[in-house]
Amino acid sequence: MRTWEENIRKVVPYTPGEQPNQPDMIKLNTNENPYPPAPGVERALKEMSADTLRLYPDPTAGILVEAIAEAYHVEKDQVFVGVGSDDVLAMCFLTFFNGKKPILFPDITYSFYDVWAELFRIPYERPALDENFRIRKEDYFRENGGVVFPNPNAPTGVEMPLEDIEEILNHNQDAIVIVDEAYVDFGVQSALPLIDKYDNLLVVQTFSKSRSLAGMRIGYVFGNPVLIKYLNDVKYSFNSYTMNTAAIAAGVAAVRDKEYFEKTCSKIIETREWTKAELKKLGFSFGDSKSNFIFAAHETCPAEELFRALREQHIYVRYFPKGRTHNHLRITIGTREEMEKFLSFLKEYLKNR
Ligand code: PMP
């Protein structure tokens, strides 16, 4: 082995869901929103002159931070923005998880957490979900170097009530607690109101799901101004211009259109509840998802078989073959029409099998 090879930072990267590109596909594999972004987003992009791209963007993404602060009734110094919540979460790990004690996150959860922990050499432990795929809050009542979990959890979609989050916060006054609310707008109570009470709480959200802007890469975090300042110090030590000009303009337009946001979220919730009822009739079981996806197992047909059969029809869902999730499919909620096609294929397939 060459000496320089010993000095390489070797990592096992996160595997994102595939992005196939077939004209007839039904894409239910990466929790994207089936509806377009708010109409103002298109207008903002059309009005943007290419000449503005000569200039660096505002390093503070000031107008976006301001628009988010206004929409969520917080102060500007309680908001930090980044290139999708992946960037924001990575910055949080880098900034706040530097102790010797292990950080804690569930064994079944967003599979980027252990990748960042490995990348940044953060020790970690993963308390197991219970047999119903629920987070056991008591597992987070011990000494640790920080806590992070999504609410609702991914890929299970299961909600943790706000009282339980508050209990976790009360048991962790000496550690940073990150609640990853990527899917919060599909029916879960946000922990945002708790940031004034707990100065160790960070609440991360994204424009990728409920605001239909996965392709634009916009994420943000709420926390007390001291935490936000530390995040900015790390960001400016890494890359001053994370948010590009187009993303800033699109984000502002999206966050200002509350009516469109609420309308599309409720359509997805309605389709999700209808899909749950239909899946049940077909012999699927699942936790009570409060997200824009359902994590389901069939009573007789293995998930892997269904995954492949669906794929052949260009219907894409997500399958996590390793460990306890090997018999589940994560099905993103699409339009009602997409879900009808998906379900009618399943019905036929299961009947003729
Ligand atoms: N958190 C969770 C739980 C997610 O599922 C995702 C989506 N992969 C993200 C964060 C990151 O989303 P984005 O970077 O698009 O904001």
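Positions are given from 1, in the same order as the sequence printed here. When a ligand or atom number is given, it counts from 1 through the structure's own listing order. Keep in mind it's a predicted model, so treat the numbers as computed, not measured.
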Quiz item: Do we see a donor-acceptor contact under 3.5 Å between the side chains of Lys341 and Ser344?
Solution: no

Quiz item: Any Lys/Arg nitrogen of Arg43 or Glu47 sitting under 4.0 Å from an Asp/Glu carboxylate oxygen of the other?
Solution: no

Quiz item: Does any pair with a residue in residues 295-306 pass side chain to side chain donor-acceptor pair (under 3.5 Å), and if so which ones, sequence neighbours excluded?
Solution: His298-Thr300, Glu304-Arg308, Glu305-Tyr349, Glu305-Arg353

Quiz item: Listed by chain and number, what are the salt bridge (charged side-chain N to carboxylate O under 4.0 Å, His left out) partners of Lys100, not counting sequence neighbours?
Solution: none

Quiz item: Asp114 and Arg126: salt bridge (Lys or Arg N to Asp or Glu O under 4.0 Å), yes or no, with the steps?
Solution: CA-CA 9 Å; Asp114 50 343; Arg126 296 185 293 184; 3.2 Å; yes

Quiz prompt | Qualifying residues under side-chain contact (heavy atoms from CB on, under 4.5 Å), relative to Asp257, sequence neighbours excluded | solution = Ala38, Pro39, Glu259, Tyr260

List of N/O pairs, ligand 1 versus protein, all under 3.5 Å?
{"unit_1": "ligand 1", "atom_1": "1 (N)", "unit_2": "Asp180", "atom_2": "OD1", "d": "3.3"}
{"unit_1": "ligand 1", "atom_1": "1 (N)", "unit_2": "Asp180", "atom_2": "OD2", "d": "2.7"}
{"unit_1": "ligand 1", "atom_1": "5 (O)", "unit_2": "Tyr183", "atom_2": "OH", "d": "2.6"}
{"unit_1": "ligand 1", "atom_1": "8 (N)", "unit_2": "Tyr110", "atom_2": "OH", "d": "3.2"}
{"unit_1": "ligand 1", "atom_1": "12 (O)", "unit_2": "Ser85", "atom_2": "OG", "d": "3.3"}
{"unit_1": "ligand 1", "atom_1": "14 (O)", "unit_2": "Ser85", "atom_2": "N", "d": "3.2"}
{"unit_1": "ligand 1", "atom_1": "14 (O)", "unit_2": "Asp86", "atom_2": "N", "d": "3.0"}
{"unit_1": "ligand 1", "atom_1": "14 (O)", "unit_2": "Asp86", "atom_2": "OD2", "d": "3.4"}
{"unit_1": "ligand 1", "atom_1": "14 (O)", "unit_2": "Arg217", "atom_2": "NH2", "d": "2.7"}
{"unit_1": "ligand 1", "atom_1": "15 (O)", "unit_2": "Ser208", "atom_2": "OG", "d": "2.6"}
{"unit_1": "ligand 1", "atom_1": "15 (O)", "unit_2": "Arg217", "atom_2": "NH1", "d": "2.8"}
{"unit_1": "ligand 1", "atom_1": "15 (O)", "unit_2": "Arg217", "atom_2": "NH2", "d": "3.4"}
{"unit_1": "ligand 1", "atom_1": "16 (O)", "unit_2": "Ser85", "atom_2": "N", "d": "2.7"}
{"unit_1": "ligand 1", "atom_1": "16 (O)", "unit_2": "Ser85", "atom_2": "OG", "d": "2.6"}
{"unit_1": "ligand 1", "atom_1": "16 (O)", "unit_2": "Thr206", "atom_2": "OG1", "d": "2.6"}
{"unit_1": "ligand 1", "atom_1": "16 (O)", "unit_2": "Ser208", "atom_2": "OG", "d": "3.3"}

